[in-house]
Amino acid sequence: MGAADETRDGVALTNLDQPLFDSAGATKRDLVDYLDAVHGRILPELRDRPLSVLRVRPGQEPFMQKNLPKYTPDWVRRTEVWAEASHRRISYALCDDRRTLLWFANQRAVEYHAPLAHAGRPEHPTHLVLDLDPPEGDPFTAVVRVALLVRQALTEAGLAGAVKTSGAKGLHVIVPVEPATTAEEAAAATRALAARAERLDPALATTAFIVADRGGRVFVDSTRAYGATVVAAYSPRIRPGTPVSYPIGWADLESATPADFTVRTVPALLGDRDPWAEALPAPQSLPTELVDEGRSIPVARVQAMHEGKRRARARREAG
């Protein structure tokens, strides 16, 4: 073993003093130490969910890994999922314990993306996600104001959610739901909540999937449903400074600075606490009228695809 190598929980850790990636402001050791420090808090977010990770190797572009490589140790739990797009079975990891997390850290897996449902129950998500994405160069205050609109829409529907930074420039509002909730009901409710938030202040929030139609407004993305994933709370991101997707209390949202939450700062900020577990409300049943309203709203992505084709046709005819 080299000077920068060590073993933890039976996992050989190598090249720990290498820079993590350009602009990371962190080494591979910083990543390993961070994930080890928060393993008790990130593992509940990943446990029993087919895991996708974003890895970064020296001198290469980051890449998403779903299918486990041949050299994966036998002790990494896994689950097979049929991928409709590629017509094959994909062997996903189930990151259920510290040892598996450390193995991924040693593989330079920086980002941890989990689906909304547990393995074997794809039709029953555990939560809804409203992903708030500000326009390029927009101040964080705009996305905070839209998060508060989403909270108002939730409150008016008799629901509650928790909010975290995306680790990039946006926010995620997470709404835990009852185990009996179907993926179709969850997707419909998410569309309805996004539309209600937009109606509260259409000058600030938009559900327009086509970027050119957003007009400098914050996009309330209602399409995280079915097989979609979301970056886990406490997951690092491949961004300058290696920020972390971090929970923020509703009351603290307006004074928060997402760039403050990085792999270097978060362990000390957390201490012994798990603010995400504290913030998440108990699973809730979705109101029938919310689901019914959402069923009447077209799926944004599908609508955008048809609209794109319509515009292309109009341009051809005009030309």
Side-chain angles (χ1 to χ4, degrees), residues 4 11-39 42-43 45-46 49-73 76 78 81 83 85-86 88 90-95 100-116 129 131-137 164-172 211 219 221 223-224 227-246 258-266:
V11 178
L13 304 168
T14 56
N15 303 313
L16 292 174
D17 294 337
Q18 280 184 352
L20 193 54
F21 54 88
D22 289 345
S23 81
T27 62
K28 185 177 167 184
R29 181 185 298 279
D30 291 323
L31 175 71
V32 169
D33 285 348
Y34 168 76
L35 288 167
D36 205 8
V38 302
H39 76 266
I42 194 172
L43 286 173
E45 293 294 292
L46 307 177
R49 296 178 194 267
L51 179 66
S52 302
V53 293
L54 206 56
R55 293 174 57 195
V56 60
R57 288 183 176 142
Q60 292 184 20
E61 286 297 304
F63 62 98
M64 180 69 82
Q65 178 183 292
K66 299 180 179 188
N67 211 18
L68 282 170
K70 296 271 194 296
Y71 55 80
T72 304
V76 172
R78 57 201 78 198
V81 178
S86 53
R88 63 186 181 126
I90 293 183
S91 183
Y92 283 87
L94 297 173
C95 189
T100 304
L101 187 64
L102 287 170
W103 180 79
F104 271 112
N106 192 58
Q107 297 293 308
R108 305 176 76 102
V110 180
E111 300 192 8
Y112 294 76
H113 296 254
L116 279 51
V129 180
D131 180 8
L132 312 181
D133 188 19
E136 206 57 54
K164 65 183 181 74
T165 67
S166 67
K169 55 193 171 77
L171 288 168
H172 295 148
V211 176
F219 177 45
D221 185 357
T223 64
R224 298 291 181 99
T229 63
V230 66
V231 72
Y234 305 116
S235 171
R237 302 299 303 266
I238 302 174
R239 303 262 170 177
T242 323
V244 167
S245 177
Y246 194 76
D260 289 347
F261 309 118
T262 73
V263 290
R264 287 175 172 271
T265 63
V266 162

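Nothing fancy with the numbering, it's 1 onward along the sequence.
For R239, the salt bridge (charged side-chain N to carboxylate O under 4.0 Å, His left out) criterion is met by no residue, not counting sequence neighbours. Partners of R264 according to the salt bridge (charged side-chain N to carboxylate O under 4.0 Å, His left out) rule, which considers only residues two or more places apart in sequence or in another chain, are D30. Residues satisfying the side chain to side chain donor-acceptor pair (under 3.5 Å) criterion with Q107, sequence neighbours excluded, are R55, Y71. By the side chain to side chain donor-acceptor pair (under 3.5 Å) test, T100 is found to be paired with D97, residues two or more places apart in sequence or in another chain being considered. For P135, the side chain to side chain contact (heavy atoms under 4.5 Å, CB included) partners are D138, V218, not counting sequence neighbours. Not counting sequence neighbours, the partners of D33 by the salt bridge (charged side-chain N to carboxylate O under 4.0 Å, His left out) test are R8. In terms of the ring pair (Phe, Tyr, Trp, His ring centres under 6.0 Å) criterion, F21 has no residue partners (sequence neighbours excluded). Applying the side chain to side chain contact (heavy atoms under 4.5 Å, CB included) rule to E61 yields no partners; only residues at least two apart in sequence or on another chain are considered. For S245, the side chain to side chain donor-acceptor pair (under 3.5 Å) partners are K164, not counting sequence neighbours. For K169, the side chain to side chain donor-acceptor pair (under 3.5 Å) criterion is met by D133, not counting sequence neighbours. Take E111 and apply the salt bridge (charged side-chain N to carboxylate O under 4.0 Å, His left out) test, not counting sequence neighbours, and it matches R237. Under the rule for a ring pair (Phe, Tyr, Trp, His ring centres under 6.0 Å), the partners of F261 that lie at least two apart in sequence or sit in another chain are Y246.
Remark: side-chain polar atoms of N67 are not paired, donor with acceptor, to backbone N or O of Y92 under 3.5 angstrom. Under the 3.5 Å distance criterion, the side-chain polar atoms of T27 are left unmatched by any main-chain donor or acceptor of L20. Here the side chain of R88 pairs no donor or acceptor atom with the backbone of A83 at under 3.5 angstrom. Listed for the D131 side chain is no donor-acceptor partner under 3.5 Å among the backbone atoms of D221. Side-chain atoms of T262 never come within 3.5 Å of backbone atoms of P243 as a donor-acceptor pair (strictly under, hydrogens ignored). Between the side chain of R49 and the backbone N or O of A114, no donor-acceptor pair lies under 3.5 Å. Formation of a donor-acceptor pair under 3.5 Å by the K28 side chain with backbone atoms of N106 is found in this model.
Separating the CZ atom in F104 from the CG atom in L46 is a distance of 9.5 Å, to the nearest 0.5 Å. Of the inter-residue distances, the one linking S166 atom OG with L132 atom CG reads 9.0 Å to the nearest 0.5 angstrom. Atom CG of D36 is separated from atom CD1 of I42 by 12.0 Å, given to the nearest 0.5 angstrom. The SG atom of C95 lies 12.0 Å from the CD atom of E45; values are rounded to the nearest 0.5 Å.
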Problem set entry | Intermediate values then yes/no, side-chain contact (heavy atoms from CB on, under 4.5 Å), L94 and L51 | CA-CA 6 Å; L94 297 173; L51 179 66; over 6 Å; no
For this session: Evaluate the side-chain contact (heavy atoms from CB on, under 4.5 Å) criterion for residues L102 and V32: first the C-alpha distance (whole Å), next the side-chain angles of each, then the deciding distance (0.1 Å), finally the verdict.
Result: CA-CA 7 Å; L102 287 170; V32 169; 4.1 Å; yes
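Nearest heavy atom pair, residue P73 against residue R78, reads O-NH2, 2.9 Å. The two atoms that bring V263 and V244 nearest to each other are N-CG2, 3.7 Å, heavy atoms only. For P115 against P50, the heavy-atom pair with the smallest separation is CD-O, 3.0 Å.
Put simply, the side chain of H113 reaches to within 4.5 Å of the side chain of M64, judged on heavy atoms. With contacts defined as side-chain heavy-atom distances shorter than 4.5 Å, the pair L31/P236 qualifies. No side-chain heavy atom of L54 sits less than 4.5 Å from a side-chain heavy atom of Y112.
In Q60, the CD atom is crowded: over 12 heavy atoms of neighbouring residues, nucleotides or ligands sit closer than 6.0 Å.
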